[in-house]
2 protein chains.
Amino acid sequence: MQKEYNLSKNQKIIFDLIDKSGGPMKAYSILFNVQKKGIKAPLQVYRALDKLVEIGKIHKIESRNAFIACQNSSCQISKATAFSICESCENVSEISNSKLSKYLSNFSDNSGMKYSKYNLEFFGLCKKCKSK
Amino acid sequence: MQKEYNLSKNQKIIFDLIDKSGGPMKAYSILFNVQKKGIKAPLQVYRALDKLVEIGKIHKIESRNAFIACQNSSCQISKATAFSICESCENVSEISNSKLSKYLSNFSDNSGMKYSKYNLEFFGLCKKCKSK
DNA sequence: AACGTTATGTAATAATATAACATTTATAAG
DNA sequence: CTTATAAATGTTATATTATTACATAACGTT
């Protein structure tokens with residue numbers, strides 16, 4: 001189980017926004033949405049995002065420069081993330097598949113490198129977009 | 001085997017630079033390095049990068065906003081990429097492991113989504129950095 | 001209360017990437 | 001070989017994403 005953190009004021013505002021949005025959000029779109037709550041500067045957003053990523057409440061979708069709330073309540077999962085991304089509608093969901101995560105967490109090759117973390121992004125067309 | 005493309009002038013200059021560097025390069029560092037060859041504007045770099053990514057001669061390391069030459073001469077591999085990244089020295093190498101690529105290319109879940117592409121980034125400490 | 005740590009506020013700027021438009025070069029079809 | 005089309009180039013401006021630097025405030029511990 002995830003350790004419970006007490007989010008600070010800005011962290012909570014920003015986490016709630018991302019969480020309620022149900023999808024990935026970009027930093028400046030977050031900024032725009034929280035300005036009425038007194039968060040005025042990019043740095044305030046990025047600081048909260050950094051912390052939220054660090055504690056695993058959100059993940060960064062690297063290929064999209066966007067942030068999504070963790071949908072995986074039970075996890076070591078900021079160190080082991082997988083997403084599916086629709087290239088048409090840009091819908092993103094977190095993949096939680098224990099076989100996949102076991103396979104990747106245990107992956108090792110002959111490089112002598114010990115992997116402590118991974119991020120996997122799958123791309124394709126979601127059900128809806130496929131049938132258009 | 002990869003289809004052979006005739007690279008254009010700018011594409012060739014930029015590919016050669018990245019390839020010779022042996023590691024990931026960032027767009028503006030590329031720009032700096034090719035200015036003496038007459039490539040003056042970011043857009044010229046990004047256009048060549050886009051094309052080189054498209055044809056699989058280079059890959060983008062999403063978590064680093066950097067580009068690396070494909071080290072995998074035989075492949076369908078711009079659609080199936082995996083990298084190991086040292087979080088200390090930032091060394092990056094392309095993983096070519098047929099079991100891994102088979103496993104991921106065949107991966108499917110219950111989302112109804114057909115995956116046509118993936119990108120996987122492993123993080124950790126490389127041999128050298130581990131022993132420091 | 002004093003201390004160290006974490007979070008906040010603010011301004012400025014760095015780093016990454018794209019839009020819009022004009023022109024040139026390469027490729028293929030007639 | 002010439003016309004049409006697609007691909008690449010050149011150039012300016014601007015949009016988007018992210019960090020540096022510095023000052024202050026709040027929180028948690030002893």
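Source: prediction; values computed, not measured.
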Find which nucleotide of DNA chain D each of B/Gly38 and A/Ala27 is nearest to by heavy atoms, and output the residue with the more 5' nucleotide.
-> B/Gly38

When the distance from CZ of B/Arg47 to C1' of C/dA19 is rounded to whole Å, what number comes out?
-> 11 Å

Looking at the side chain of B/Ala41, which of D/dT11, D/dT9, C/dA7 is the nearest nucleotide?
-> D/dT11

Classify the ring geometry between A/Tyr118 and B/Phe122 as parallel (under 30°), tilted (30 to 60°) or perpendicular (over 60°).
-> perpendicular

Considering just the side-chain nitrogens and oxygens of A/Ser8, establish if one lies under 4.0 Å of OP1 or OP2 belonging to C/dT6.
-> no

Can you find a donor-acceptor N/O pair under 3.5 angstrom joining the side chain of A/Tyr28 to the base of D/dA15?
-> no

Take A/Pro42 and A/Ala48, find for each the nucleotide of DNA chain C with the closest heavy atom, and name the residue whose nucleotide sits nearer the 5' end.
-> A/Ala48

Rounded to the nearest angstrom, tell me the gap between atom CG in B/Asn6 and atom P in D/dT9.
-> 13 Å

Just checking B/Lys12: base, sugar-phosphate only, or nothing, at a heavy-atom cut-off of under 4.0 Å?
-> nothing

Please check if any side-chain donor atom of A/Ser111 sits under 3.5 Å from a side-chain acceptor atom of A/Asp109, or the reverse.
-> yes

Euclidean distance, atom CZ of residue B/Phe32 to atom P of C/dT16 [Å, nearest integer] | 14 Å

Closest listed nucleotide, where the reference is the side chain of A/Lys60 and the choices are D/dA21, D/dA18, C/dA20 | D/dA18

Return yes if some donor-acceptor pair links the side-chain N/O of A/Asn106 with the main-chain N/O of A/Lys102 below 3.5 Å, else return no.
-> yes

Counting side-chain heavy atoms from C-beta on, which of C/dA20, C/dA17, D/dA21 comes nearest to B/Leu43?
-> C/dA20

Roughly, in whole Å, what's the span from NZ in A/Lys26 to P in D/dT17?
-> 4 Å

Round to the nearest Å and state the distance from B/Asn65 atom CG to C/dT18 atom C1'.
-> 14 Å

Nearest-neighbour nucleotide for the B/Lys51 side chain, C/dT10, D/dT9, D/dA8 considered = D/dA8

Taking atom P of D/dA18 as reference, at what distance in whole Å does atom CG of A/Asp50 sit?
-> 10 Å

Within the structure, does a side-chain N or O atom of A/Lys9 lie under 4.0 Å from either OP1 or OP2 of C/dG9?
-> yes

CG of A/Asp50 to CD1 of A/Ile55, rounded to nearest 0.5 Å, is 11.5 Å

Between D/dG10, D/dA18, C/dT18, which nucleotide gets closest to the side-chain atoms of B/Gln44?
-> D/dG10

Between D/dT17 atom P and B/Tyr46 atom OH, what is the distance in whole Å?
-> 12 Å

Let me know the distance between CD of A/Gln35 and C1' of C/dT8, rounded to the nearest Å.
-> 16 Å

Between atom CG of A/Leu125 and atom CG of A/Asn91, what is the distance when rounded to the nearest 0.5 Å?
-> 12.0 Å

Taking only the side-chain heavy atoms of B/Asn10 (C-beta and beyond), determine which of C/dA17, D/dT9, C/dG9 contains the nearest atom.
-> D/dT9

